[in-house]
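The residues of the chain are indexed from 1 along the displayed sequence. What you see is a predicted model; the values in this text were computed from it and never measured.
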Amino acid sequence: MNRKNALAAGVAAALALGSVTVVATQSSAAPQPTAAAGASAARPGAGFRAMTADARGEAIRTAGRNAAATARALGLGPDERLVAKDVLIDADGTRHVRYDRTYRGLPVIGGDLVVHLTEDGTITGSDLAHQGAIRVAGTTPKLTAADASAKAVKHAKHVKHAKAGSKDSTLVVYAVGKIPVLAYRSTVTGEGETGPTSREAVIVDATSGTPLDQYELHQSITGTGNGVTVGQVSIETTQSGSGYTLTDAAHGGTIVYDSYNSPQSNPRQNARAFSKTTNSWGNGTSSSRESAAVDASYGLAKTWDYYKNSFNRSGIRNDGRGAPAYVHVDTGLLNAFYDDNCFCMYFGDGSSQNGNTPVTALDVAGHEMSHGVTAATANLTYSGESGGLNEATSDIFGTMVEFSADNTGDPGDYYIGEKLNMSGGYMRRMDSPAADGRSLSCWNSGAGSVDVHLSSGIGNHFFYLAAEGTGAKTIGGRSHTGTTCNNDTFTGIGKDKAAAVWYRALSTYMTSTTNYAGARTATLQAAADLYGTNSQERYLVSKAWAAVSVGTALPDPGTGTPTPSPTTPTPSPTTPPSGNALANGSFEQGTSGWTQSDDIITSSTLQTARDGSWYAWMMGYGADAVESLSQSNIAVPSTGTPKLTFWLKVSTQESGSAAYDTLKVNVNGTTLATYSNANASSGYVQKTVDLSAYKGQTVKLEFAGTEDTYLSTVFLLDGIAIG
């Protein structure tokens, strides 16, 4: 497949692009920026240039005109087309162009990418949600759209009494896995957490109907209660004739409407703009319908101001346009959500569970508007670990909006929804996510299979530690803990720097399929961009990730050596084996020491390393294939009982105990162990192979993979050692 060769061709090419779009994705080959040791000031070019709507539009059009040349430079296939989505330009002229992909005219899910260029148009790197060219056997499906709709209804997980029509099923190429497949994306409606007309996207294989993915379409905060009042505040309105409307011309023409309790299935059915003859709104209680509208208008304006003042971003899509907002949606709705299809936000009135307090809190408004920013940048898929990152992003920036607003009635803290009159006092806590008894504070191999509102705790916890460090604190009048998953202690870089790192990672390096390991890579690159490769900020970002069990800390730039691991009751899962006769058994030096038949050693975020960012990804084609990964001239110890140990994760579409797809461990051509689809596991499992017969010898170690014609099996290897 030559994925890395295609990338190298892209790096070597020079294109005359007038402007570029930024994309979030795995940082596959972006060069490491250079900076003086310990540099703490932002390097030139790290901040984004301001662009008018016209200038941004022209930049996107220019990127579109150069899309074909860019596709060729990246080694994409002849049936692929790039569609320019957004462009960001650094202060020094460095450009970042975000593209979506199509294949023979079909949308490609997981096909987004970002290209990075110098001011003169030379490509310096790229980040792709799916590495290399996309190929599928054909674009004629075996299933009809009606068949796909029926399959989607059957496989829907998040809604009950589901239904879907053939018009709701669209043919796509699904490229989230190693091998792209022709698929249908269906929209299924039914009863769910977001109401009686909840919507879920279900993606099924267009040949077999096998479910490939499903996720809720409403990116929402879900809980037992929502509500807040911001007190007496100033809001922007517009005079119309002899009256006023809640139209905020200073923030892109944002309009707040009264939904008049229109059903969630059609929340604009009865909607009309708020208007009155005086410019005084609400009475501070839910007895006045205007009070919720004041909260929403204020919160959205403060969110706009935060993004503008912090990142020079003009609105959700960076085009100066405000998104309409609707309050009083449905009846008894304990929810608020952003819908990118209509570019609008909805807020419910709460229910008896929270004293019927409208769900219009300041951090809720910041949270929902930030979902739109994510959709306009990395477009993180709302399922798996990327879904957790999506929710964490909204919590992070909703929290930053709360700090930025400096509202005396709602001081900044790291509690989410603390003003919603919840029985537990909050919806989530960033400093201690697991305090609610459900959320994850530390990454584990099952993080991608839990609800995104719970797996978001990993990202939230990372951000809190990066910003504030460890140790107990009182912030905004509330108690915060600084506990870690590895018993480490360190200082933070401050919330503003931590937010700057997250925003640059989101807008410049993450893509739709980024997972937590990929987010670590993206934020480390962002910290290097902003503060220098050897900066204390970048080092502390790595410490914060290690503190939530994602990767290990970088060497301390002050000493040039890794910081000592904190004392823990059990061995750290990221501690590399000692006395390893193998070279680069953790793959953190890329391909060094290894011979591979294809691009097997990778840092792709489509899968997850057990330790660090790199691992070996073998098979997963769903077709006849063989692969080999080997290392020669290994000196097996001559004393003791030498053994080979490694970590293996197997995921498969096969069923039953028959070994259809295999991975063999060969030493000097002799097979010592065989693993197959029957060894499927939810996470990495350590394997041991006795090498006593080779004591004192020099050997060749080979991992040989074989896959049959139907259904795929993925074998992931990491932490290989001989000792």
inquiry  = How close do Val452 and Glu391 get, counting heavy atoms only, and between which atoms?
reply    = O-CB, 3.8 Å
inquiry  = Tell me if a side-chain donor or acceptor on Asn584 pairs with a main-chain N or O of Gly590 at a distance below 3.5 Å.
reply    = yes
key: side chain to side chain donor-acceptor pair (under 3.5 Å) against Ser439, all qualifying residues, sequence neighbours excluded   = Asp436
task = Return yes if some donor-acceptor pair links the side-chain N/O of Ser386 with the main-chain N/O of Ser383 below 3.5 Å, else return no.
result = yes
key: Exam field: side chain His130 to backbone Ala175, donor-acceptor pair closer than 3.5 Å   = yes
message = Evaluate Met427 against Met422 for side-chain contact (heavy atoms from CB on, under 4.5 Å), listing each step before the verdict.
response = CA-CA 7 Å; Met427 292 185 67; Met422 305 282 288; 3.7 Å; yes
Verdict with reasoning, Phe587 to Trp594, per ring-ring contact (aromatic ring centres under 6.0 Å, His included) = CA-CA 9 Å; Phe587 304 112; Trp594 293 95; 5.3 Å; yes
inquiry  = For Asp413, is there an ion pair with Arg478 - N to carboxylate O distance below 4.0 angstrom?
reply    = yes
query = Are the side chain of Thr470 and the backbone of Phe490 linked by a donor-acceptor contact shorter than 3.5 Å?
reply = yes
query = Is a salt bridge present between Arg317 and Asp340, judged by a nitrogen-to-oxygen distance below 4.0 Å?
reply = yes
message = Contact between Lys178 and Val714 at the side-chain level, heavy atoms closer than 4.5 Å - yes or no?
response = no
key: Point-to-point distance, once rounded to the nearest 0.5 Å, from OG of Ser449 to CG of Asn444   = 7.5 Å
Where at least one partner belongs to residues 404-463, residue pairs that pass disulfide bond (SG atoms under 2.5 Å apart), sequence neighbours excluded = Cys442-Cys485
request  = State the CG-NZ distance between Asn407 and Lys302, to the nearest 0.5 angstrom.
outcome  = 8.0 Å
message = When you compare the side chain of Ser404 with that of Asn309, does any pair of heavy atoms fall below 4.5 Å?
response = no
query = Would you call Tyr615 and Trp647 a side-chain contact if the rule is heavy atoms closer than 4.5 Å?
reply = no
task = Applying side chain to side chain donor-acceptor pair (under 3.5 Å), run through His116 and Asp127 and close with a yes or a no.
result = CA-CA 8 Å; His116 312 286; Asp127 295 282; 2.5 Å; yes
query = Short question: side chain of Arg538, backbone of Ala527 - any donor-acceptor pair under 3.5 Å?
reply = no
task = Answer yes or no: is there a side-chain heavy-atom contact under 4.5 Å between Met400 and Tyr503?
result = no
query = Taking the side chain as C-beta and beyond, is there a heavy-atom pair between Thr399 and Met430 under 4.5 Å?
reply = yes
ask   = Does a salt bridge link Arg428 with Asp363, judged by any charged N lying under 4.0 Å from a carboxylate O?
value = no
remark   = So CD1 of Ile601 and CE of Met618: to nearest 0.5 Å the spacing works out to 10.0 Å
key: Min side-chain heavy-atom separation Asp90-His96 under 4.5 Å   = yes
Under 3.5 Å: donor-acceptor pair, side chain of Ser126, backbone of Val115 = no
inquiry  = Nearest 0.5 Å, please: how far is CZ in Arg429 from OH in Tyr414?
reply    = 13.5 Å
inquiry  = So, taking the atom named OH in Tyr426 and the one named CD1 in Ile416, what distance separates them when rounded to the nearest 0.5 Å?
reply    = 11.5 Å
query = Which atom pair, heavy atoms only, marks the closest approach of Thr489 to Lys543?
reply = O-NZ, 4.4 Å
query = Do you know which two heavy atoms are closest between Ala376 and Lys85, and how far apart they sit?
reply = O-CE, 3.9 Å
Derivation of the ring-ring contact (aromatic ring centres under 6.0 Å, His included) call for Tyr415 and His480 = CA-CA 9 Å; Tyr415 286 51; His480 292 67; 5.1 Å; yes
query = How long is the span from the CG atom in Leu524 to the CG atom in Leu554, to the nearest 0.5 Å?
reply = 5.5 Å
request  = Kindly indicate whether the side chain of Asp431, heavy atoms from C-beta on, has any atom under 4.5 Å from the side chain of Thr481.
outcome  = yes
task = Go through the steps for Ser432 and Tyr464 under the test side chain to side chain donor-acceptor pair (under 3.5 Å), then give the verdict.
result = CA-CA 9 Å; Ser432 182; Tyr464 174 82; over 6 Å; no
Stepwise side-chain contact (heavy atoms from CB on, under 4.5 Å) test for Val501 and Tyr531 = CA-CA 9 Å; Val501 167; Tyr531 308 111; 3.8 Å; yes
key: Any donor-acceptor N/O pair, Asn580 side chain to Ile720 backbone, under 3.5 Å   = yes
key: Heavy-atom pair with the smallest gap, counting every atom of Tyr684 and Leu716   = OH-CB, 3.5 Å
N/O donor-acceptor pair under 3.5 Å between Asn390 side chain and Leu380 backbone = yes
ask   = Asp599 and Gln131: side-chain contact (heavy atoms from CB on, under 4.5 Å), yes or no, with the steps?
value = CA-CA 10 Å; Asp599 294 334; Gln131 293 287 343; over 6 Å; no
Side-chain touch Phe462/Trp502, heavy atoms, less than 4.5 angstrom = yes
task = Take Thr484 and Leu465, measure what side-chain contact (heavy atoms from CB on, under 4.5 Å) needs, and give me the verdict at the end.
result = CA-CA 8 Å; Thr484 63; Leu465 292 170; 4.1 Å; yes
task = State, to 0.1 Å, how close Asp611 and Glu588 come at their nearest heavy-atom pair, and which atoms those are.
result = O-OE2, 3.4 Å
remark   = Heavy-atom nearest pair, Leu506 first then Thr393, reads CD2-CG2, 4.0 Å
inquiry  = Looking at Leu530, is its backbone amide N or carbonyl O close enough to the side chain of Lys497 to form a donor-acceptor pair, meaning the two atoms are under 3.5 Å apart?
reply    = no
task = Using the test side chain to side chain donor-acceptor pair (under 3.5 Å), find all partners of Trp545 that sit at least two apart in sequence or belong to another chain.
result = Thr523
request  = Without swapping roles, check the side chain of His461 against the backbone of Ser441 for a donor-acceptor pair under 3.5 Å.
outcome  = yes
